[in-house]
Amino acid sequence: MNIRELLEIGDSDLLVHQVLGEWATRNTKILPYLHCVHELIKRFTKIEFKHVPRIKNEFVDALATLSSMIQHPDKNFIDPIPIEIRKQPAHCARVEEEFDRNPWFHDIKEYLEKGEYS
């Protein structure tokens with residue numbers, strides 16, 4: 001994809017500090033992955049690692065949940081999902097039950113599977 005600069009945001013403070021070399025890695029099972037990450041880092045002109053606490057990462061958790069529900073014919077590729085970033089956050093204090101009795105993520109899941117919004 002010819003990406004030269006990368007901002008990696010992770011919710012594991014331990015792994016971010018281990019990749020940066022600030023903390024030692026004691027688990028020998030992680031060492032090959034850490035070595036692989038260090039080799040991949042060499043491909044970028046600029047790379048930054050940032051820790052975001054899991055409690056502030058609800059959007060990623062929601063996307064991970066949705067992606068685990070999708071059966072895609074090509075396991076190595078899923079079409080990108082365009083996401084707009086707004087200047088102000090949207091808040092919803094209460095979610096009413098849908099009239100069609102489907103869960104809140106039903107329309108999103110349908111869009112991801114079929115590429116159409118109902």
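This one's a predicted model, so the numbers in the text were calculated from it and none came from an experiment.
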Between L15 and V37, is any pair of side-chain heavy atoms under 4.5 Å apart?
no
dist K50:NZ -> E8:CD (nearest 0.5 Å) comes out at 11.5 Å
When every non-hydrogen atom of H51 is compared with those of D11, the smallest separation belongs to NE2-O, 3.6 Å
- Just wondering, are more than 12 heavy atoms of other shown residues or ligands nearer than 6.0 Å to CZ in R26? no
Within the side chain of R43, is there an N or O that forms a donor-acceptor pair under 3.5 Å with the backbone of R4? no
The reported gap from CD in E113 to CD1 in I108 (rounded to nearest 0.5 angstrom) is 12.5 Å
Separation between CG (L7) and CZ (F49), nearest 0.5 Å, reads 9.5 Å
- prompt: Any side-chain heavy atom of E5 sitting closer than 4.5 Å to one from T45?
  reply: yes
To the nearest 0.5 Å, atom CG of L40 lies from atom NE2 of H35 at 10.0 Å
d(W23 CH2, D13 CG) to nearest 0.5 Å is 4.5 Å
| Minimum side-chain heavy-atom gap Y33-N27 below 4.5 Å | no
When rounded to the nearest 0.5 Å, the distance separating CG of L6 from NZ of K46 is 11.0 Å
Do I41 and V16 belong together in a cluster built from hydrophobic side chains that touch within less than 4.5 Å? yes
